[in-house]
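To start, the structure itself, in structure tokens.
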Amino acid sequence: QVQLVESGGGLVQTGGSLSLSCAASGRTVSSYVMGWFRQAPGKEREFVAAINRSGGTSYYADAVKGRFTISRDNAKNTVYLEMSSLKHEDTAVYYCAGYLGNVVIVTPSRYDYWGQGTQVTVSS
């Protein structure tokens with residue numbers, strides 16, 4: 001199994017930037033397709049971005065395309081989410097997740113391992 005811990009959340013103004021990290025332990029993160037999801041109050045958890053095991057393929061939700069970048073450093077057992085041009089509607093708890101597979105997928109229920117989440121608040 002792998003344990004995931006997110007960090008880097010916080011309060012930022014509209015238009016600002018924030019970087020999230022997801023540190024893995026227990027098993028090498030290179031075995032997992034990794035994704036970032038978010039959940040705002042009163043809303044369902046939604047897909048943000050995902051990256052394949054090698055880091056060569058990534059996929060983004062339309063709402064964040066062009067503003068967010070997912071990356072991974074398998075040597076450091078860490079996955080990142082760089083967020084820029086943040087909007088108030090990006091406010092949510094952000095979770096990283098992983099599953100043992102080869103295909104980038106967007107469905108939360110397909111991911112087996114989750115972190116505890118980190119709060120991102122964008123003030124308008």
Side-chain angles (χ1 to χ4, degrees):
Q1 290 190 352
V2 65
Q3 290 79 44
L4 305 172
V5 178
E6 303 95 336
S7 61
L11 175 64
V12 64
Q13 291 185 336
T14 299
S17 300
L18 209 57
S19 297
L20 304 183
S21 298
C22 173
S25 62
R27 186 169 178 172
T28 176
V29 74
S30 62
S31 300
Y32 299 84
V33 170
M34 298 298 295
W36 284 95
F37 296 81
R38 66 187 182 186
Q39 188 166 18
K43 295 187 177 181
E44 293 187 352
R45 191 168 298 187
E46 65 175 3
F47 170 77
V48 174
I51 190 167
N52 71 342
R53 291 162 57 182
S54 69
T57 299
S58 56
Y59 186 74
Y60 297 89
D62 287 343
V64 307
K65 200 172 296 182
R67 301 188 297 121
F68 290 13
T69 302
I70 188 172
S71 62
R72 65 192 299 159
D73 186 337
N74 288 339
K76 294 184 178 180
N77 244 15
T78 303
V79 181
Y80 305 96
L81 185 68
E82 302 285 342
M83 305 184 294
S84 63
S85 301
L86 283 162
K87 305 175 182 180
H88 178 67
E89 51 264 42
D90 294 318
T91 296
V93 177
Y94 284 70
Y95 299 88
C96 73
Y99 90 100
L100 284 169
N102 296 312
V103 179
V104 171
I105 54 176
V106 305
T107 308
S109 61
R110 296 286 305 275
Y111 286 75
D112 302 308
Y113 304 99
W114 292 82
Q116 84 289 348
T118 185
Q119 177 70 47
V120 171
T121 303
V122 184
S123 63
S124 56

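To the nearest 0.5 Å, atoms OH (Tyr99) and CD1 (Ile105) are separated by 4.0 Å. Note that OG of Ser30 is 11.0 Å distant from CG of Asp73, once rounded to the nearest 0.5 Å. Rounding to the nearest 0.5 angstrom, the gap separating the CZ atom in Arg45 from the CZ atom in Arg38 is 13.0 Å. We find the SG-OH distance between Cys96 and Tyr80 to be 12.0 Å, quoted to the nearest 0.5 Å. To the nearest 0.5 angstrom, Leu18 atom CG is 8.0 Å from Thr118 atom OG1. In this structure, the separation between CZ on Arg27 and CD on Gln1 is 9.5 Å, given to the nearest 0.5 Å.
Between Thr91 and Gln119, the closest side-chain pair of non-hydrogen atoms falls below 4.5 Å. Within the 4.5 Å cutoff, the side chain of Ile70 has heavy atoms near those of the Val79 side chain. Thr28 has its side chain within reach of Asn77: a pair of non-hydrogen atoms, C-beta onward, lies under 4.5 Å apart. Contact annotation: the side chain of Arg110 never approaches that of Val103 to less than 4.5 Å [non-hydrogen atoms, C-beta and beyond]. Looking at heavy atoms from C-beta onward, Arg72 lies out of side-chain contact with Thr78 at the 4.5 angstrom threshold. Here the side chains of Leu20 and Met83 are in contact, with some heavy-atom distance below 4.5 Å. Side-chain contact between Asn102 and Asn52: absent, with no pair of heavy atoms (C-beta onward) separated by less than 4.5 Å. Proximity of Phe68 to Leu86: side-chain heavy atoms (C-beta onward) are separated by under 4.5 Å at one or more points.
Residues Met34 and Trp36 share a hydrophobic cluster, clusters being chains of Ile/Leu/Val/Met/Phe/Trp/Tyr side chains in contact below 4.5 Å. Residues Val106 and Tyr32 do not share a hydrophobic cluster, clusters being chains of Ile/Leu/Val/Met/Phe/Trp/Tyr side chains in contact below 4.5 Å. Side-chain heavy atoms closer than 4.5 Å link hydrophobic residues (I, L, V, M, F, W, Y) into clusters, and following such links, even through other members, never connects Val122 to Tyr95. Leu100 and Val29 end up in the same hydrophobic cluster when Ile, Leu, Val, Met, Phe, Trp and Tyr side chains are linked at under 4.5 Å. Val93 and Val120 are not part of a single hydrophobic cluster, where members link through side-chain heavy atoms under 4.5 Å apart.
The two residues Ala49 and Tyr60 come nearest to each other via the heavy atoms CB-CD2, 3.6 Å. The heavy-atom pair separating Val33 from Ile51 by the smallest distance is CG1-O, 3.4 Å. Considering every non-hydrogen atom in both Ser85 and Ser17, the closest pair reads N-OG, 4.5 Å.
Electrostatic pairing of Asp90 and Lys87 does not count as a salt bridge here, judged by no charged N lying under 4.0 Å from a carboxylate O.
Gln13 and Ser123 share no side-chain donor-acceptor pair at under 3.5 Å.
Between the Glu6 side chain and the Cys22 main chain, no donor and acceptor come within less than 3.5 Å of each other. Checking side-chain atoms of Gln116 against main-chain N and O of Val5 turns up no donor-acceptor pair under 3.5 Å.
Classification of the Phe47-Phe37 ring pair by plane angle, with boundaries at 30° and 60°, yields perpendicular.
The environment of Lys43 atom NZ is sparse: at most 12 non-hydrogen atoms of other residues, nucleotides or ligands sit within 6.0 angstrom.
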Next item on the list: Go through the steps to decide whether Ser109 and Thr107 satisfy the test side-chain hydrogen bond (donor to acceptor under 3.5 Å, both in side chains), and finish with yes or no.
Entry: CA-CA 6 Å; Ser109 61; Thr107 308; 5.5 Å; no

